[in-house]
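Take a look at the structure set out below.
One-based numbering, in listed order, for ligands and for the atoms of each.
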Amino acid sequence: MTILVTGGAGFIGSNFVLDWLALSNETVVNVDKLTYAGNLQNLASLQGNAHHVFVQGDIGDGALLARLLAQHQPRAVLNFAAESHVDRSISGPGEFIQTNIVGTFGLLEAVRAYWGGLDAEPKKAFRFLHVSTDEVYGSLGQADPAFSETKRYEPNSPYSASKAASDHLVRAYHHTYGLPVLTTNCSNNYGPFHFPEKLIPLIIVNAQAGKPLPVYGDGQQIRDWLYVKDHCSAIRRVLEVGALGETYNVGGWNEKPNLDIVHTVCALLDELKPRADGKPYKAQITYVTDRPGHDRRYAIDASKIEKELGWKPAETFETGIRKTVLWYLDNPQWVANVQSGGYRDWVSQQYGDQA
Ligand code: NAD
Ligand code: TYD
């Protein structure tokens with residue numbers, strides 16, 4: 001048996017592929033364009049593992065996807081590939097439209113053709129799982145209930161609007177063509193291999209480099225944080241037992257204001273790797289201009305996946321954030337390669353012309 005994963009060299013995708021192959025021998029075909037966010041060093045431990053087939057490619061490349069689907073006959077396709085950083089979507093939305101909307105459309109077309117040609121049994125068993133975000137639901141007021149699956153979509157950034165559009169396409173392919181789809185809408189993830197443009201890894205990396213810790217606006221925006229491996233376990237659960245056409249919100253009931261997150265990371269670093277001058281890392285906090293259109297609060301109501309699929313996160317925020325900070329402290333070479341851009345040479349160094 002085989003699954004095909006897109007975006008498996010990114011933050012969540014690489015964690016998913018690593019966990020999948022640690023838990024099973026089912027082959028993963030991993031299609032990733034290797035944008036700035038794709039890093040094959042995340043998957044270095046899979047070198048020589050015949051159950052990991054990496055292919056550099058674009059989800060919008062219909063001919064490539066058709067060939068890979070025909071060749072590998074996957075029982076499922078999981079779509080992680082996306083442009084994912086809100087700030088980049090504000091300074092340059094084009095790539096977000098291209099990959100998240102047009103790319104997802106191309107992928108859906110290729111999958112629809114493949115699925116349509118399957119024999120009855122594999123056709124019935126096939127799944128297309130689309131990995132999405134809570135940001136499609138928009139911003140909550142302080143007193144609003146957490147996002148449930150029935151919350152109206154109100155995306156506010158080019159990123160969340162492009163993800164919302166992709167969710168709608170996935171929904172439409174189920175409704176119109178009967179494609180057996182599943183969608184997950186997860187809250188903010190954190191953990192190993194998180195690119196240090198996002199809040200938590202940026203704070204860990206900048207703190208140690210003696211750089212400012214940029215906090216947007218008043219730092220009181222709220223996000224709902226989930227350890228990445230818990231997101232991966234939720235995706236596995238939805239893939240195996242999720243009801244066709246359904247969406248599942250994924251979260252860990254961990255709402256925190258950004259400033260609390262920054263303080264927590266600083267306190268862990270004070271404990272684990274104190275500054276040479278004995279001062280606390282929080283002294284490096286710098287308030288900077290707020291993000292335009294910055295969503296104030298996200299919160300996930302995860303009751304559906306908990307009750308219907310029996311999923312629960314394994315980590316609390318306290319255990320997950322400690323693991324995360326320790327991972328960054330233990331992997332300075334990964335950080336250095338990301339910062340120098342050296343990770344981008346990894347493909348040619350390690351894979352020659354095989355990838
Ligand atoms: P990421 O930016 O770290 O990784 C994205 C990966 O997709 C990269 O490896 C990149 O090379 C690849 N990619 C980009 N465009 C591509 C294309 N056209 N074709 C093939 N590959 C392409 O993102 P992430 O944080 O790992 O997020 C993965 C998915 O999970 C995204 O769909 C994102 O919307 C969703 N999500 C992320 C979070 C979060 O907190 N990071 C939360 C909920 C949902
Ligand atoms: P981010 O990690 O970019 O995720 P998202 O925007 O998808 O939620 O940002 C998390 C929160 O942290 C968000 O409210 C913006 C804020 N933030 C900062 O305050 N400073 C920063 O340097 C960054 C990158 C984000």
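What you find for I101 and L169 is that their closest heavy atoms are O-CD1, 3.9 Å. Residues T99 and E83 come closest through the heavy atom pair CG2-N, 4.0 Å. Looking at every heavy atom in both residues, N15 comes nearest to P192 through ND2-O, 3.0 Å.
Distance from atom 25 (O) of ligand 1 to its nearest protein heavy atom, with residue and atom name: F11 CD2, 3.6 Å. Of all protein heavy atoms, the one closest to atom 43 (C) of ligand 1 is C186 O, 3.3 Å. Among all non-hydrogen protein atoms, the one lying nearest atom 3 (O) of ligand 2 is R291 NH2, 3.1 Å. Among protein heavy atoms, atom 21 (N) of ligand 1 sits closest to K33 N, 3.0 Å. Protein heavy atom closest to atom 19 (N) of ligand 1, with residue, atom name and distance, is I59 N, 3.0 Å. In terms of protein heavy atoms, atom 4 (O) of ligand 1 is closest to G10 CA, 3.4 Å. In terms of protein heavy-atom proximity, atom 22 (O) of ligand 2 is closest to L202 CD2, 3.3 Å. If you check which protein heavy atom lies closest to atom 13 (C) of ligand 2, you get H294 NE2, 3.4 Å. For atom 37 (C) of ligand 1, the closest heavy atom belonging to the protein is I12 CD1, 3.3 Å. Protein heavy atom nearest atom 10 (C) of ligand 2, with residue, atom name and distance: L199 CB, 3.9 Å. Given atom 7 (O) of ligand 2, the protein heavy atom at minimum distance is E135 OE2, 2.5 Å. For atom 40 (O) of ligand 1, the closest non-hydrogen atom on the protein side is N189 N, 2.8 Å. Ranking the protein heavy atoms by distance from atom 28 (C) of ligand 1 puts F80 O, 3.3 Å first. Remark: minimum distance from atom 8 (O) of ligand 2 to any protein heavy atom is reached at R223 NE, 2.8 Å. Regarding atom 24 (C) of ligand 2, its nearest protein heavy-atom neighbour is E197 O, 3.3 Å. Ranking the protein heavy atoms by distance from atom 20 (N) of ligand 2 puts P214 O, 2.8 Å first.
Heavy-atom contacts of Y159 reach the following atoms of ligand 1: 33 (C), 34 (O) (cutoff under 4.0 Å). Of all atoms in ligand 1, listed by their number and element, those nearer than 4.0 Å to a heavy atom of G57 are 19 (N), 20 (C). Near V131, meaning under 4.0 Å from any of its heavy atoms, are these atoms of ligand 1: 30 (O), 32 (O). Residue D58 has at least one heavy-atom neighbour below 4.0 Å for each of these atoms of ligand 1: 17 (C), 18 (N), 19 (N). Each of the following atoms of ligand 1 lies closer than 4.0 Å to a heavy atom of L34: 11 (O). Shown in contact with N188 at under 4.0 Å from a heavy atom are these atoms of ligand 1, numbered in order with element: 40 (O). Within ligand 1, counting atoms from 1 as listed, the ones closer than 4.0 Å to a heavy atom of S132 are 43 (C), 44 (C). The H85 neighbourhood of ligand 2 comprises atoms 3 (O), with distances under 4.0 Å to a heavy atom of that residue.
Electrostatic pairing of E255 and R296 does not count as a salt bridge here, judged by no charged N lying under 4.0 Å from a carboxylate O.
For atom 13 (N) of ligand 1, the nearest non-hydrogen atom from the set G251, A81, G106, A37 belongs to A81. Selection from D32, I300, T99 by nearest heavy atom to atom 9 (O) of ligand 1 gives D32. For atom 1 (P) of ligand 1, the nearest non-hydrogen atom from the set G38, G60, S84 belongs to S84. Comparing heavy-atom distances from atom 10 (C) of ligand 1 across T133, T35, N42 singles out T35 as nearest.
Residue D119 qualifies as open at atom CG: its count of foreign heavy atoms under 6.0 Å is 12 or below. Counting non-hydrogen atoms of neighbouring residues, nucleotides and ligands closer than 6.0 angstrom, the NZ atom of K123 exceeds 12 such neighbours. Around CD of E26, the count of heavy atoms belonging to other residues, nucleotides or ligands within 6.0 Å exceeds 12. Within 6.0 Å of NE2 in H175 there are 12 or fewer heavy atoms belonging to other residues, nucleotides or ligands. Crowding of E240 atom CD: a count of heavy atoms from other residues, nucleotides or ligands under 6.0 Å exceeding 12. Under a cut-off of 6.0 angstrom, the local environment of NZ in K273 is sparse, with at most 12 non-hydrogen atoms contributed by other residues, nucleotides or ligands.
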Let me see the working for N337 and N39 under side chain to side chain donor-acceptor pair (under 3.5 Å), right down to the final yes or no.
-> CA-CA 10 Å; N337 285 338; N39 182 349; over 6 Å; no
Test side chain to side chain contact (heavy atoms under 4.5 Å, CB included) applied to R171 and V181, step by step = CA-CA 7 Å; R171 177 190 157 86; V181 307; over 6 Å; no
Does the side chain to side chain donor-acceptor pair (under 3.5 Å) test come out yes or no for N188 and Y298, once each step is laid out?
-> CA-CA 9 Å; N188 284 59; Y298 302 142; over 6 Å; no
List the steps, then state whether side chain to side chain donor-acceptor pair (under 3.5 Å) holds for D134 with S187.
-> CA-CA 5 Å; D134 61 356; S187 59; 4.9 Å; no
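Of all the heavy atoms of T133, none lies under 4.0 Å from any atom of ligand 2, so neither backbone nor side chain is involved. With a heavy-atom cut-off of 4.0 Å, S187 touches ligand 1 through its backbone alone. Looking at K163 against ligand 1, only its side chain comes within 4.0 Å, counting heavy atoms.
Cluster membership check: V250 shares its hydrophobic cluster with V5, using side-chain heavy-atom separations under 4.5 Å among Ile, Leu, Val, Met, Phe, Trp and Tyr.
Exactly one of S89, S157, S132 qualifies for a side-chain contact (heavy atoms from CB on, under 4.5 Å) with K163. That residue is S132. Each of F16, W327, F11 was compared with F193 under the ring pair (Phe, Tyr, Trp, His ring centres under 6.0 Å) criterion, and only W327 meets it.
At under 3.5 Å, a nitrogen or oxygen of N188, whether backbone or side chain, sits near a nitrogen or oxygen of ligand 2. Taking any N or O of N258, backbone or side chain, at least one lies under 3.5 Å from an N or O belonging to ligand 2. Not one N or O of V215 is nearer than 3.5 Å to an N or O of ligand 2, by distance alone. Taking any N or O of Y216, backbone or side chain, at least one lies under 3.5 Å from an N or O belonging to ligand 2.
Partners of E197 by side-chain contact (heavy atoms from CB on, under 4.5 Å), not counting sequence neighbours, listed by chain and number: Y36, H85, R88, F195.
Once rounded to the nearest 0.5 Å, the distance linking CG of D270 with NZ of K282 reads 8.0 Å.
In this structure, F128 has its ring center at least 6.0 angstrom away from the ring center of Y173.
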